[in-house]
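Single-structure report; data block below.
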Amino acid sequence: MVLTTEQIQAIENVLRNSLRHRFQNYKPEPAAMPFHTRLLGKDRMALFSFIHSLNTNFGTSIFEPVALALASSKFKVAKSQVIAGTQMSENPQFEIQQIMDELTAANIKPNKITDFGIFLAVKEHTKIC
């Protein structure tokens, strides 16, 4: 997948702003991990805490905006925090259960292409909310 200049700049801005915000607003939480502190030392535990904070930050404020930036060039509408639906009609639910039962009984082997084809066929004939 080749990224456009605009996408690259948008992703760079998301990364830059998110990391800058994290560096400016980082407040270490006191961790009661005496074994880890004695084993690794206070400095390494502080580094671990910061890296853990960065990982959490990536999940909440980087991955989603980057996905949004990438999706906006391929789709008419790209949104975040969208609820896909909470209910499924009986036909898709029945087909999924049937596939799961066959897999559990070892009557069939997993086959993504076949299973997805079944789902698409059922989806065309029913409404998934």
Side-chain angles (χ1 to χ4, degrees):
M1 176 176 158
V2 178
L3 300 177
T4 65
T5 306
E6 293 83 22
Q7 285 176 312
I8 292 170
Q9 288 176 343
I11 292 168
E12 285 176 356
N13 287 336
V14 167
L15 291 171
R16 194 175 294 115
N17 293 337
S18 181
L19 289 173
R20 190 172 287 140
H21 182 264
R22 175 56 52 191
F23 288 134
Q24 291 171 346
N25 298 319
Y26 176 69
K27 291 182 178 84
E29 295 179 18
M33 300 165 101
F35 177 78
H36 290 82
T37 304
R38 287 200 175 129
L39 180 66
L40 301 173
K42 218 173 192 179
D43 293 344
R44 287 192 180 106
M45 282 304 295
L47 182 61
F48 166 78
S49 175
F50 180 72
I51 290 171
H52 182 68
S53 170
L54 276 180
N55 285 333
T56 302
N57 182 49
F58 281 13
T60 58
S61 64
I62 291 181
F63 294 147
E64 189 173 299
V66 167
L68 205 54
L70 293 174
S72 63
S73 68
K74 291 282 185 185
F75 302 98
K76 288 181 187 177
V77 178
K79 296 179 182 178
S80 62
Q81 300 295 320
V82 176
I83 297 173
T86 58
Q87 296 178 339
M88 183 186 305
S89 62
E90 287 182 26
N91 287 347
Q93 190 171 3
F94 175 77
E95 291 295 333
I96 292 168
Q97 188 62 51
Q98 205 169 14
I99 292 169
M100 289 172 42
D101 292 344
E102 292 293 317
L103 288 169
T104 302
N107 293 335
I108 61 171
K109 291 185 178 183
N111 186 329
K112 189 188 294 186
I113 295 169
T114 303
D115 297 343
F116 193 68
I118 292 169
F119 174 76
L120 288 178
V122 171
K123 182 182 173 198
E124 295 223 358
H125 297 293
T126 60
K127 179 184 177 193
I128 297 178
C129 306

Task: Where at least one partner belongs to residues 43-69, residue pairs that pass ring-ring contact (aromatic ring centres under 6.0 Å, His included), sequence neighbours excluded - done: F23-F50, Y26-F50
Task: Residue pair E64 / S80: nearest heavy atoms and the distance that separates them - done: OE2-CB, 3.0 Å
Under 3.5 Å, sequence neighbours excluded: what are the donor-acceptor pairs made by side chains of residues 92-100?
| unit_1 | atom_1 | unit_2 | atom_2 | d |
| --- | --- | --- | --- | --- |
| Q97 | NE2 | D101 | OD1 | 2.8 |

Open item on the list: Working to the nearest 0.5 angstrom, can you tell me the gap between I8 CD1 and L70 CG?
Closed with: 10.0 Å
Task: Nearest heavy-atom neighbours spanning P110 and L103 - done: N-CD2, 3.6 Å
Task: Hphob cluster co-occupancy, I51 + M45, side-chain heavy atoms under 4.5 angstrom - done: no
Task: N107: side-chain hydrogen bond (donor to acceptor under 3.5 Å, both in side chains) partners, not counting sequence neighbours - done: E102
Open item on the list: When you group the ILVMFWY residues by side-chain heavy-atom contacts below 4.5 Å and let the links chain together, are I118 and I108 in the same group?
Closed with: yes
- [ ] Please examine the side chains of L3 and I11, heavy atoms only from C-beta on, and report whether any two atoms are closer than 4.5 Å.
- [x] yes
- [ ] Give the cluster check for F75 versus L68: same hydrophobic cluster or not, with ILVMFWY residues linked at side-chain heavy-atom distances below 4.5 Å.
- [x] no
TODO: Identify the two heavy atoms, one from S72 and one from A69, that lie closest to each other, and give their separation to 0.1 Å.
DONE: OG-O, 2.9 Å
Task: Spatial distance of atom CG (L19) from atom CD1 (I62) [nearest 0.5 Å] - done: 4.5 Å
- [ ] Taking atom CD1 of I113 as the centre, report whether more than 12 heavy atoms of other residues, nucleotides or ligands fall under 6.0 Å from it.
- [x] no
